[in-house]
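For reference, the structure is listed below as structure tokens.
All values derive from a computational prediction rather than experimental measurement.
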Amino acid sequence: MLHASPAIASLLVLLAALGASVTRSPDAASAWREAERSVEWMLVPGERMLAGTRVVRRHWGDHFRATHGVLVATDRRLLYAGVLPRSLLGTSDGPPLIERIAVPLDTLLEVSEPPSLPGGWERLTIRHGETTARFSVAAAAHDRALAVVAIATRARDMAAARAARELFLQDSLSALPPPPPMMHVVRAGETVIGIAARYGLSPEELMERNGLASDRVRAGQRLTVREFRRVGSMVEAY
């Protein structure tokens with residue numbers, strides 16, 4: 001060993017560093033407790049946790065080592081906090097790095113019921129837009145995982161129903177004709193200039209809108225001073 005090459009010596013140093021890092025890695029129980037504390041910090045005022053389960057994620061960037069975390073369904077969102085494993089080459093004894101995910105319970109949410117995996121585990125997949133997160137759930141936590149899935153699915157379906165009702169209402173309003181034009185009945189002594197100013201029009205606009213060849217009007221004459229059109233479900237005056 002005294003005559004080992006520099007490459008072998010470097011390998012030995014690397015193996016020693018890996019061994020030291022593994023001994024510093026938090027065990028699963030302490031990591032889950034840290035994740036539970038972290039997910040509580042993610043709550044906003046008034047937000048309530050309804051169901052939750054402990055989960056495990058594995059990232060290829062961490063050489064598929066376990067990230068122990070907690071997945072929680074609240075009355076507003078799905079929240080996840082996970083304690084990332086220590087760096088294989090790290091020497092810091094500081095606080096662990098926390099991975100966090102928060103997705104709203106809206107129509108973009110998809111949550112798959114957990115299928116069985118080898119070794120007594122189940123797979124839980126969450127998709128929201130372009131975001132996909134996959135978790136492993138212990139078979140013993142099956143009921144808690146199903147509770148999270150049920151809450152998320154029910155909230156997603158309710159959001160979809162609300163969106164469908166709003167779309168139906170907008171379509172119904174869009175199909176309605178616009179209101180009739182606003183009319184002004186000319187009184188004795190009124191002029192085109194005075195009537196136009198009253199409604200924020202120029203005399204030329206008032207005359208064009210009513211097809212007047214001159215600015216002479218008579219008492220009892222009905223003039224269109226506002227017209228309306230429907231743009232989608234909204235009514236605009238012009």
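- For Arg187, the CZ atom sits in a loose shell: 12 or fewer heavy atoms of surrounding residues, nucleotides or ligands are nearer than 6.0 Å.
- Remark: side-chain polar atoms of Arg76 are not paired, donor with acceptor, to backbone N or O of Val44 under 3.5 angstrom.
- Because its NZ or CZ atom is both nearer than 6.0 Å to the ring centre of Tyr238 and within 45° of the ring axis, Arg229 counts as a cation-pi partner of that residue.
- With a 4.5 Å cut-off on side-chain heavy atoms, Val70 and Thr53 do not count as touching.
- Residues Arg57 and Arg134 have side chains not in contact (no heavy-atom distance under 4.5 Å, counting atoms from C-beta outward).
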Walk me through whether Ile195 and Leu201 qualify under side-chain contact (heavy atoms from CB on, under 4.5 Å). CA-CA 8 Å; Ile195 296 171; Leu201 302 171; over 6 Å; no
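- Sparse packing is recorded around CE of Met158, with 12 or fewer heavy atoms of other residues, nucleotides or ligands lying under 6.0 Å away.
- The aromatic ring centroids of Tyr80 and Phe135 lie less than 6.0 Å from each other.
- No side-chain donor from either of Glu34 and His68 sits under 3.5 Å from a side-chain acceptor of the other.
- Residues Thr224 and Met182 have side chains not in contact (no heavy-atom distance under 4.5 Å, counting atoms from C-beta outward).
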Give the intermediate values and the outcome of side-chain contact (heavy atoms from CB on, under 4.5 Å) for residues His184 and Glu190. CA-CA 11 Å; His184 175 84; Glu190 288 185 317; 3.0 Å; yes
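- For the residue pair Asp27 / Ser30, a side-chain donor-acceptor distance below 3.5 Å is found, with atom types taken as modelled.
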Val111 and Leu78: CA distance, side-chain angles, deciding distance, side-chain contact (heavy atoms from CB on, under 4.5 Å) verdict: CA-CA 10 Å; Val111 181; Leu78 280 181; 4.0 Å; yes
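- Val231 belongs to no multi-residue hydrophobic cluster, having no ILVMFWY side-chain contact under 4.5 Å with any other such residue.
- Residues Val186 and Arg218 have side chains not in contact (no heavy-atom distance under 4.5 Å, counting atoms from C-beta outward).
- By the 6.0 Å contact criterion, CG on Leu108 is enclosed, its count of non-hydrogen atoms from other residues, nucleotides or ligands being greater than 12.
- Asp215 is listed as a side-chain neighbour of Met207, based on a closest heavy-atom distance under 4.5 Å.
- A 4.5 Å side-chain heavy-atom check between Met49 and Leu43 finds at least one atom pair inside the cut-off.
- Val225 has its side chain within reach of Leu206: a pair of non-hydrogen atoms, C-beta onward, lies under 4.5 Å apart.
- Enclosure of atom CG in Leu97 is not indicated, since only 12 or fewer non-hydrogen atoms of other residues, nucleotides or ligands lie within 6.0 angstrom.
- With hydrogens and angles left out, the side-chain atoms of Asp106 and His128 include a donor and acceptor closer than 3.5 Å.
- Counting heavy-atom neighbours within 6.0 Å of Glu47 CD, excluding the residue itself, gives a total above 12.
- Between Arg54 and Glu36 there is a salt bridge, since a side-chain N of the basic residue sits under 4.0 Å from a carboxylate O of the acidic one.
- Side chains of Arg100 and Leu79 form no contact here, defined as non-hydrogen atoms less than 4.5 Å apart.
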